[in-house]
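In what follows, a single structure is set out as structure tokens and then discussed.
Reminder, nothing fancy here: chain letters follow the sequence lines and each chain counts from 1.
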There are 2 protein chains.
Amino acid sequence: MIEAQKKLVEKGIHLSQQRIAIMDYLLKHKTHPTAEDIYRDLSPSMPSLSRTTVYNTLKLFSDHEAVLVLNIDDRNARFDGYTHHHAHFMCSNCEQLYDVPIPDHQVAIARANPGLDGFRVRSVQIDYHGLCPRCCAEEVTLK
Amino acid sequence: MIEAQKKLVEKGIHLSQQRIAIMDYLLKHKTHPTAEDIYRDLSPSMPSLSRTTVYNTLKLFSDHEAVLVLNIDDRNARFDGYTHHHAHFMCSNCEQLYDVPIPDHQVAIARANPGLDGFRVRSVQIDYHGLCPRCCAEEVTLK
DNA sequence: GTGCTTGCAAATCGTTTGCAATAGC
DNA sequence: GCTATTGCAAACGATTTGCAAGCAC
């Protein structure tokens with residue numbers, strides 16, 4: 001059993017077939033899939049799987065901080081099984097979502113912002129919007 | 001006419017009663033309102049105003065970068081007429097949204113991230129989640 | 001009068017909920 | 001058997017779309 005799964009079991013979460021499949025999917029696909037992506041891709045090999053279960057499971061995982069929920073895309077929630085801190089870049093033209101590494105010290109600085117005195121910070125999300133290299137090359141004009 | 005309005009006119013945007021009212025609302029209410037908030041609050045004094053117009057106008061403004069669209073709240077889009085760079089903190093308990101000042105140099109650092117080589121960055125959004133001071137004081141446990 | 005703007009109603013679509021069937025201890 | 005989990009269908013709610021009426025130059 002892999003580490004991410006152990007963590008869930010420790011928290012008393014039963015690992016059903018469906019939950020294992022969804023966690024596996026998230027760990028193998030670093031594509032920031034939507035709930036629908038996961039449902040579509042897992043359905044063929046798990047015909048009984050329902051959207052409801054996908055949604056329930058993703059909510060369960062995110063409540064236990066086993067996955068990140070990204071709000072960078074205003075149309076659907078995106079899920080990320082890679083929980084180490086990093087930023088995201090969304091291309092305004094092709095809508096592709098990219099990982100952007102963030103130096104640890106920069107996260108530390110962001111968390112230590114004096115403007116946050118009195119707040120208890122649980123997570124910091126850094127989202128970039130703009131044009132990705134491919135769309136830049138095609139000289140696409142920003143919408 | 002105020003500066004924000006001048007900018008819109010320069011871009012060839014006609015300033016209708018509705019658009020002026022919505023821009024005014026955004027400049028006066030630093031509460032990160034949703035489209036529905038704006039509609040509800042303006043309706044009494046503009047009975048003919050429709051939700052569609054509120055949505056259309058907010059889209060028009062954000063396309064012209066006259067307002068910021070915040071994705072920090074996964075339920076609805078929040079709008080911010082204060083376009084100078086700053087971060088946002090959303091309380092996981094009371095769901096209140098706070099402005100967090102961000103030193104200019106920190107934004108500069110975020111934009112200069114070497115991981116962004118080749119990308120053309122249009123905007124950076126920094127979102128915090130956690131407990132706000134009031135909810136900390138009430139010793140609320142994080143969901 | 002031509003084109004932009006508005007606003008109603010209906011459609012869309014991601015997500016949630018109610019609830020009955022099922023599985024695991 | 002009891003509780004947690006699943007999955008269908010329906011509901012929900014924010015946002016978008018089609019389109020006809022109104023307004024501005």
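Linking ILVMFWY side-chain heavy atoms closer than 4.5 Å, directly or via other members, places A/M90 and A/V69 in two distinct hydrophobic clusters. One hydrophobic cluster, built from ILVMFWY side chains closer than 4.5 Å, holds both B/I13 and B/Y25.
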Identify the pairs formed between an N or O of the protein and an N or O of nucleotides 2-6 of chain C at a distance under 3.5 Å, and give each distance.
| residue | atom | partner | partner atom | Å |
| --- | --- | --- | --- | --- |
| C/dT5 | OP1 | B/R19 | NH1 | 2.7 |
| C/dT5 | O5' | B/R19 | NH2 | 3.3 |
| C/dT6 | OP1 | B/S16 | OG | 2.4 |
| C/dT6 | OP1 | B/Q18 | OE1 | 3.3 |
| C/dT6 | O3' | B/Q18 | NE2 | 3.2 |

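Atom-to-atom, CD of A/E36 to P of C/dT12 comes out at 16 Å; the value is rounded to the nearest Å. Remark: C1' of C/dT15 and CG of A/L58 are 12 Å apart, rounded to the nearest angstrom. Going from atom CZ of A/R51 over to atom C1' of C/dG14 covers 10 Å, rounded to whole Å. Rounding to whole angstrom units, CG of residue A/D37 and C1' of C/dT15 are separated by 15 Å. Across the protein-nucleic acid pair, B/N76 atom CG and C/dG14 atom P stand 17 Å apart, rounded to whole Å.
Paired with A/H88 under the rule side-chain hydrogen bond (donor to acceptor under 3.5 Å, both in side chains), one option of A/D80, A/D127, A/D73 passes, and it is A/D80.
Taking the 5' to 3' direction, DNA chain D first and last meets chain B under 4.0 angstrom from a heavy atom at D/dA14 to D/dT17.
Residue B/K11 places its NZ atom among more than 12 non-hydrogen atoms of other residues, nucleotides or ligands, all under 6.0 Å distant.
Judged by distance alone, with hydrogens and angles left aside, the side-chain atoms of A/R51 form no donor-acceptor pair with the main-chain N or O of A/Y39 at under 3.5 Å. Although no hydrogens or angles enter the test, the distance criterion places no donor-acceptor pair under 3.5 Å between the side chain of B/S62 and the main chain of B/E65.
In terms of heavy atoms, B/L49 sits closest to B/V54 at CD2-CG2, 3.9 Å.
Ring geometry for B/H86 versus B/Y82: interplanar angle of 30 to 60°, hence tilted.
The nearest heavy atom of DNA chain D to B/T52 and to B/R75 marks one nucleotide each, and the one closer to the 5' end goes with B/R75.
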